[in-house]
There are 2 protein chains.
Amino acid sequence: MQSPVALIPQLAAHIVAAGGKRLRPLLTLAAAKLAGYRGGQRHVALAACVEFIHTATLLHDDVVDESALRRGQASANALFGNKPSVLVGDFLFARAFQVMVEDGSLEVLRILAGASATIAEGEVLQLITQNDTATTEDQYLAVIEGKTAALFAAATEVGAIVADCGAARQVALRAYGHNLGVAFQLIDDALDYSAAQEALGKTVGDDFREGKITLPVLLAFQRGDDAERVFWRRTLEERDQAEEDLPKAIALMQKHAAFTDTVLRARQYGQVALDALDVFPDSAERRALAGIVEFCISRAR
Amino acid sequence: MQSPVALIPQLAAHIVAAGGKRLRPLLTLAAAKLAGYRGGQRHVALAACVEFIHTATLLHDDVVDESALRRGQASANALFGNKPSVLVGDFLFARAFQVMVEDGSLEVLRILAGASATIAEGEVLQLITQNDTATTEDQYLAVIEGKTAALFAAATEVGAIVADCGAARQVALRAYGHNLGVAFQLIDDALDYSAAQEALGKTVGDDFREGKITLPVLLAFQRGDDAERVFWRRTLEERDQAEEDLPKAIALMQKHAAFTDTVLRARQYGQVALDALDVFPDSAERRALAGIVEFCISRAR
């Protein structure tokens with residue numbers, strides 16, 4: 001994060017100091033260990049690259065979404081303005097590639113450059129589907145595979161690369177990361193309509209206010225009657241919202257089991273992630289990665 | 001530029017179709033040829049990477065500067081909104097790195113990742129010095145070396161790399177690009193206060209309205225009396241501007257030879273760029289690169 005331009009480490013330190021779960025770099029570290037990497041420090045540098053790419057996307061997301069909060073604190077754009085947030089995001093992205101070049105693996109560069117392009121595609125697709133209740137589940141899945149699962153999959157695959165563990169285990173770790181990422185985002189999208197969200201220091205209903213079309217909304221919309229669809233179109237497409245609309249949206253989701261079915265779907269992806277770990281014998285690292293699946297899903301109580 | 005997410009090629013095509021000089025990729029092509037590269041197509045793919053990185057920074061710059069025009073047409077942010085501009089910029093940046101990975105040279109990746117980080121640092125430094133008449137010439141030079149010269153230097157150095165022409169010629173081509181880049185930006189900054197700018201399809205006074213501290217301003221401020229400094233502080237620091245202030249700023253620059261001395265400074269950097277070409281024997285490519293120096297400087301008539 002260091003730079004002679006002092007605002008860069010200041011802004012970057014703000015978002016890093018705000019905490020977060022640091023799930024993605026943890027995945028790189030744990031995957032490398034599970035795949036048998038011993039002795040070196042390459043996994044640490046590359047875990048930092050993964051987190052830098054994630055941090056860059058958070059900075060840009062908060063500008064794009066005009067978010068005032070990130071990780072329970074004032075967002076970087078709210079505190080420093082949009083301009084430094086865009087530019088420091090660019091800086092962190094470029095620094096991640098510099099660190100990868102120092103590491104020297106073209107395979108790692110291929111994986112993380114590919115993930116970076118896919119994230120941007122997922123984010124643009126999310127913009128297009130926003131405020132559109134005609135969005136299909138396939139489109140929704142393409143959004144979350146791009147904006148979230150791509151970096152989870154890359155994070156674990158990079159761990160496999162540094163361990164040089166062979167194609168079968170590399171594919172397995174990538175599959176674990178990808179399916180965990182989908183499960184993680186499904187739970188995130190469910191949490192936006194749950195009181196459990198507040199316990200995590202985040203506000204409830206952000207997606208609703210922005211008109212983001214997530215699975216809980218899609219399920220409630222599909223299962224709703226004509227009057228309910230008029231409600232969803234008014235609140236999410238026209239973004240004409242009154243104070244009582246968020247509680248009403250949550251009530252409709254409960255009526256149609258949209259929240260519980262989203263969590264169920266996450267559990268299914270989580271199970272696929274767990275199954276992918278079967279190519280590895282039992283170990284502390286395998287149990288740790290299995291525990292991450294349960295941790296991610298149990299956020300939605 | 002291709003992507004299944006149709007908005008990405010649409011937005012990217014808009015900025016590409018708007019034209020521009022395509023100076024940076026031309027530098028990569030010409031430098032590769034001058035350095036003896038024959039037969040392959042690597043220089044073409046890498047020239048595209050250079051232009052993608054440049055395009056990504058333009059998209060982000062226009063968001064940061066809230067620009068309505070780019071290359072004489074509606075800017076992407078004005079036409080498509082800020083959100084897609086930020087995200088398509090990220091996409092093009094990631095795609096550039098994907099194409100570099102396909103090319104397979106870690107040295108090229110090192111040079112362009114480094115240039116990308118330096119560009120972001122230069123842009124942040126520009127933000128910090130904006131609206132601050134206490135900015136020094138050294139700080140101004142650091143800004144334009146970062147935001148402009150770094151990519152010019154990388155563009156020509158990448159040409160040297162694909163030609164595998166040896167350290168001395170690589171250093172010479174990098175020096176040519178760097179000094180050309182500084183000259184280019186000095187002329188750009190002078191043009192913002194020149195009627196010649198309108199002939200190039202750009203509006204006069206954009207930097208003045210934004211309070212950007214460029215060399216013409218710095219020279220006029222340093223050479224001005226107290227009353228003139230009050231004028232510069234009001235217009236550039238407080239951004240309290242009336243219609244007659246831009247003509248007055250231009251008149252003060254003429255009074256203090258600030259415009260002509262900025263062009264003179266550009267000529268000096270241009271001469272250093274020309275001198276760097278001396279390690280190469282005379283050829284059509286060397287004359288082409290020498291011609292680019294003259295082309296860049298002659299934009300300020």
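Reckoned from all heavy atoms, side chains included, excluding hydrogens, waters and symmetry mates. Naming convention: chains lettered A, B, ... in sequence-line order (proteins, then strands); numbering from 1 in each chain. None of the values given here were measured: they were computed from a predicted structure.
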Item to check | Side-chain touch Leu109(A)/Leu106(B), heavy atoms, less than 4.5 angstrom | outcome: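 Yes. Closest side-chain heavy atoms under 4.5 Å.
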Checklist entry - For chain A, which residues from residues 3-13 of chain B lie under 4.5 Å away (heavy-atom distances)? => result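 Contacts with chain A: Ser3(B), Pro4(B), Val5(B), Leu7(B), Ile8(B).
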Next on the checklist: Using a 4.5 Å heavy-atom cutoff, which residues in residues 115-129 of chain B come close to chain A?
Outcome noted: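 Interface residues of residues 115-129 of chain B: Ser116(B), Ala117(B), Ala120(B), Glu121(B), Glu123(B), Val124(B), Leu125(B), Leu127(B), Ile128(B).
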Item to check | Heavy-atom contact with chain A under 4.5 Å, split by part of Asp90(B) | outcome: both
Item to check | Full working for side-chain contact (heavy atoms from CB on, under 4.5 Å) between His60(B) and His60(A) | outcome: CA-CA 10 Å; His60(B) 288 183; His60(A) 287 183; 3.8 Å; yes
Checklist outcome for this item: Separation between CG (Asp61(A)) and NZ (Lys83(B)), nearest 0.5 Å, reads 11.0 Å
Item to check | Over 12 non-hydrogen atoms of neighbours within 6.0 angstrom of CG in Asp132(A) | outcome: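 Enclosed: over 12 neighbouring heavy atoms sit under 6.0 Å from CG of Asp132(A).
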Next on the checklist: Test side-chain contact (heavy atoms from CB on, under 4.5 Å) on Leu87(B) and Val64(A); report intermediate values, then the result.
Outcome noted: CA-CA 8 Å; Leu87(B) 298 173; Val64(A) 164; 4.3 Å; yes
Next on the checklist: If you count heavy-atom pairs within less than 4.5 Å of chain A, which of Val86(B), Val63(B), Val88(B), Leu92(B) leads?
Outcome noted: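 Of the options given, most contacts go to Val86(B).
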Checklist entry - Got a sec, which residues hit side chain to side chain donor-acceptor pair (under 3.5 Å) with His178(B), two or more places apart in sequence or on another chain? => result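 Testing His178(B) for side chain to side chain donor-acceptor pair (under 3.5 Å), a comparison that skips the adjacent residues, returns Glu145(B).
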Next on the checklist: Below 4.5 Å, heavy-atom pairs only: which of Pro84(A), Ala94(A), Gly89(A) has the largest tally toward chain B?
Outcome noted: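 Looking at each option in turn, the highest pair count goes to Ala94(A).
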Item to check | Pairs touching residues 152-163 of chain B that satisfy side chain to side chain donor-acceptor pair (under 3.5 Å), sequence neighbours left out | outcome: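 Applying side chain to side chain donor-acceptor pair (under 3.5 Å) to every pair that reaches into residues 152-163 of chain B, excluding sequence neighbours, yields Glu157(B)-Gln170(B), Glu157(B)-Arg174(B).
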